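Report on the following structure.
Within every chain, numbering begins at 1; the chains are lettered A, B, ... in the order of the sequence lines, protein sequences first and strands thereafter. Any value given below was found using the heavy atoms of this structure, including those in side chains, with hydrogens, waters and symmetry copies removed. The structure presented is a predicted model; accordingly, all values stated were derived computationally and were not measured.
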Amino acid sequence: MDTLTAATRPKADSGEFIYAFLDAYDFPKATLTQIRNGGQRNVASRKDEGHVALKKWLYYMPVRQGESIHEALQVLADEDEPARHKCRFLVVTDFREMTALDTKTDERLEVGFGELATQYLFFAPMAGLERTKHFEEASADLKAAAKMGRLFDRLKEVNEFSTPEQLHALNVFLTRLLFCYFAEDTGIFPKNAFTKVITEASGENGEDLPDLLTQLFRVMNQPEDERPADLAAHVAQFPYVNGGLFRDDLPVPEIRGTGRRMMIECGRLAWEAVNPDIFGSMFQAVVDEESRDSMGQHYTSVPNIMKVIRPLFLDKLYAELHKDRGNRKKLEALLERLSHIKVFDPAMGSGNFLIIAYKELRRLEMSVFRAMQDVGEQKQNELFMSGIRLSQFYGIEIDDFAYEVAQLSLWLAEHQMNMLFAKEFGHAEPLLPLKDAAQLVAGNSLQLNWLDVCWNGEGQEVYICGNPPFHGTAGRNVEQARDMKRVFGKKALGYLDYVACWFQKGTDYLQPGGEAAFVSTNSLCQGQQVATLWPGILNSGIEISFAYQTFPWSNSAQSNAGVHVVIIGLSTHPTQKRLYQRVSGEWRMKIVKNISPYLVEGGNTIVSSRNRSLVPALPMVRGNQPTDGGNLILSESEKDQLLDREQRLVPWIKPLIGAQEFLKGDCRWCLWLVGAPEEVLNIPEVRSRLDAVRALRIKAGHAAALQGAKRPHQFLQVAQPEEGSYILVPAFTSERRPYVPLGFMESDVISNNKNYIIPDGGLYEFSVLSSIMHLDWMRLVCGRLESRYGYSSRIVYNTFPWPEVSERDRQEIEKLGRAIILARAAHPDKTMTQLYDPDKMPDNLLETHQALDRAVEKLYRDRPFRDTAERQEYLLARYEALIEAEKASKPSRTKKSRNAVTKEG
DNA sequence: TATCCGACAAGTT
DNA sequence: AACTTGTCGGATA
């Protein structure tokens with residue numbers, strides 16, 4: 001580390017820096033010498049420009065002063081070379097500042113060149129020390145949250161908390177405790193003063209502790225000069241806190257001996273190591289009964305928050321800083337701008353987004369101060385003071401406790417940043433007395449007028465961000481459903497997720513200007529929901545300014561919520577549209593002309609579900625839905641036993657095929673009693689099963705089930721063809737397969753509702769639907785389960801723009817379809833899963849599919865398609881043309897034009 | 001009546 | 001414990 005300090009001294013030779021740097025991380029001397037002599041250890045192609053690339057570890061790129069290190073890093077991150085050499089760290093410096101990216105954790109370092117030694121740990125993995133900071137912090141957070149949780153439980157045992165007032169008092173009490181613990185460990189209070197007072201000034205049975213705490217809290221709400229002169233020293237040592245935290249004289253709960261011991265234990269935790277960024281979420285989860293099992297499942301991790309706020313405002317502010325460098329006036333203007341930016345999270349939870357946004361803006365501001373120092377012209381004794389105030393941060397939260405924690409965490413974040421500021425600029429504003437607070441509101445975000453919370457209008461620079469809650473149609477409660485109705489007015493909501501409300505309210509809010517970005521479930525940009533949500537947004541002049549395509553949700557909670565998410569930025573006037581796509585595990589940003597509501601590059605065409613096929617085609621229906629609680633369904637052995645006892649059942653038991661059975665070759669059977677005589681229905685084993693079905697359907701209670709309870713011998717919904725064969729399409733299939741396997745079934749094989757079926761479908765349909773043209777159409781428009789394909793008749797099949805086909809071509813296509821059946825048949829021992837395994841698909845089958853693909857593509861046009869994007873673009877254009885033609889032929893039914901087929905540009 | 005969906009759910013490795 | 005991959009039946013139009 002000493003070498004690092006030396007190498008970054010102002011007068012050090014910049015050419016030598018990289019060697020000192022590598023030396024500091026214990027790279028062998030031999031390696032250093034080798035690089036110095038231009039040896040092969042340095043795999044950079046631009047050695048002559050001073051680049052150094054070490055396989056697996058580092059790509060180092062010096063730039064001339066005046067060039068933006070941030071832009072250079074962005075460019076470098078997008079290049080292939082570092083990835084090719086698997087370089088974990090990308091480092092760019094102009095020898096004034098350094099910026100670096102840890103490609104593994106997606107963390108960024110920005111540091112003045114001279115202060116690099118203080119950030120030694122960022123590169124610690126290069127010295128063989130995996131940077132466990134985050135893990136440790138998380139575990140400190142968890143430990144603290146768990147301990148506080150136990151204290152919370154104990155308090156509930158000895159107190160009555162039932163009214164909202166009592167609960168609020170408890171929430172405030174816990175928040176105050178948290179503040180005191182942090183304060184005594186981070187220099188806001190005298191070291192350990194709070195825990196010490198509890199230990200020394202209260203009895204072991206804890207009976208006098210509530211009185212003591214009441215007294216302490218009162219004092220913390222009293223300016224020093226207003227306090228009584230005779231105040232005991234152990235009380236008087238606590239400073240005036242203000243800021244509203246101790247304003248209200250709320251009752252302190254009974255604590256007793258056990259509670260007291262727990263409080264002292266909590267005080268012994270290393271609170272300085274607890275990171276307010278996510279601690280609040282952890283703790284909130286502990287306290288919230290309903291979510292305790294899923295503790296912290298839904299808090300947004302710091303990397304994911306960065307994915308939201310960097311494209312939203314941070315990147316462009318850094319770009320502005322770069323542009324203004326060297327110009328004191330402009331830098332001053334930038335500072336002024338920073339002090340007026342508003343950040344608003346209308347679903348803030350315990351405030352993660354606001355905390356990170358606050359910290360990042362403070363870091364940026366420090367970079368501006370550094371740039372001002374570089375300009376010189378510093379006025380005599382000029383003191384830099386942060387102009388960023390917590391009151392620029394706005395939030396809404398429905399949960400009272402989370403709201404209290406958010407307020408607290410922001411104060412703590414301010415304290416942290418003041419400390420950081422002091423380290424570099426030599427002075428810090430004291431945290432106490434707390435001056436301005438963030439402008440947070442406890443309430444229902446969907447019922448509040450956001451303009452009342454955070455004014456938006458001419459001359460304002462407002463950024464909305466957050467991760468609002470997701471609830472599908474089944475997952476929301478009555479009040480949430482009512483809120484949705486209110487937010488969207490009379491519009492039919494279909495399958496719209498609850499989270500869509502934030503997009504809608506954001507759209508209204510942004511009319512005067514500003515930008516918003518939310519984390520959302522990916523389903524908003526798939527299937528049904530696209531046509532329900534997006535026309536309204538796009539028609540009110542809002543565009544998608546940036547987007548992260550689907551990725552699995554994750555944070556460091558012990559069990560993660562099962563959902564895949566997207567991040568969507570909205571703006572009235574996006575200057576540049578950025579699409580973030582994951583290519584082999586890494587995020588790549590592409591600047592595009594337009595981002596479609598499906599979050600791919602392209603126009604704003606929206607495909608709406610249809611009841612009938614767009615072009616004349618055989619109808620597709622869904623397989624039979626049992627709603628039987630399993631009572632009409634038999635395993636192989638159940639079937640055998642039943643048939644042993646009852647020969648009369650032979651004609652009434654049929655093979656049942658779901659997606660699982662089709663794909664994996666499993667075998668199930670069902671009682672298919674359509675048209676069965678009374679005598680069969682009265683067989684005792686049958687009767688008892690039918691009684692169970694009836695009971696279940698009555699219990700379900702909805703109209704369809706009650707109807708079905710009158711005929712329990714039938715599946716609730718019957719769609720089975722009576723004769724012939726049908727094409728089977730599994731409803732949910734893995735997205736990893738190169739093709740979605742379809743199959744032919746005879747009409748006496750009963751399909752359940754996990755498949756879609758085309759009665760009387762032939763080889764031509766089979767072939768086209770198996771082809772890449774249809775597969776890519778499906779990929780574009782289908783709904784999904786996380787990322788699995790969710791096939792559906794109305795969205796995928798009925799909207800599919802089939803090709804025009806001559807009789808001769810049709811026969812050719814059928815021949816190729818038959819070849820696929822034969823290619824499969826050549827592997828009679830393999831299931832569909834095995835045949836279509838992405839890694840093990842047999843060559844003959846793959847080749848046959850590819851031949852079919854080419855033939856089907858040719859039905860559309862002679863020139864082959866380059867890739868999925870080109871096929872989708874082509875099909876969308878054809879879809880639009882067909883829709884237009886349909887409208888033209890049926891002018892009276894133009895009601896369907898709410899499809900809002902808006903063309904871009 | 002006919003679906004499309006799931007801050008998932010149940011299985012395997 | 002991580003990874004793979006589609007159940008089941010309700011809510012909705």
Students often get this wrong, so: under 4.0 angstrom with heavy atoms, is [X] touching a base, only sugar-phosphate, or nothing?
X: A:G475; result: nothing
X: A:R668; result: sugar-phosphate
X: A:R788; result: base
X: A:L716; result: nothing
X: A:P552; result: nothing
X: A:T833; result: nothing
X: A:Q528; result: sugar-phosphate

Would you call A:R610 and A:E886 a salt bridge, using N to O less than 4.0 angstrom?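 Looking at A:E886 together with A:R610, the answer is yes, because their closest N to O distance falls below 4.0 Å.
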Check this for me: does any side-chain nitrogen of one of A:R737 and A:E735 sit under 4.0 Å from a carboxylate oxygen of the other?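 Here A:R737 does not pair with A:E735 in a salt bridge, since their nearest N and O are not under 4.0 Å apart.
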Among [options], which nucleotide sits nearest the side chain of [X]?
X: A:S523; options: B:dT3, B:dG6, B:dA7; answer: B:dG6
X: A:Y756; options: B:dT1, C:dG6, B:dT3; answer: B:dT3
X: A:Q660; options: C:dG6, B:dG6, C:dG10; answer: C:dG6

Considering only heavy atoms and no angle criterion, is a donor-acceptor pair shorter than 3.5 Å present between the side chain of A:D497 and the base of B:dG6? no
B:dT3 versus B:dA7 - spacing of their P atoms, nearest Å: 23 Å
Side chain to side chain donor-acceptor pair (under 3.5 Å) for A:N753 and A:N624? Distances and angles first, verdict last. CA-CA 5 Å; A:N753 61 336; A:N624 311 281; over 6 Å; no
Among A:Y739, A:F766, A:Y791, which residue satisfies the ring pair (Phe, Tyr, Trp, His ring centres under 6.0 Å) criterion with A:H774? A:Y791
Nearest-nucleotide comparison on DNA chain B, the residue closer to the 5′ end among A:E786 and A:G783: A:G783
With DNA chain B as reference, determine whether A:A703 or A:R784 sits nearer its 5' end, using the nearest nucleotide of each.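 This one resolves to A:A703.
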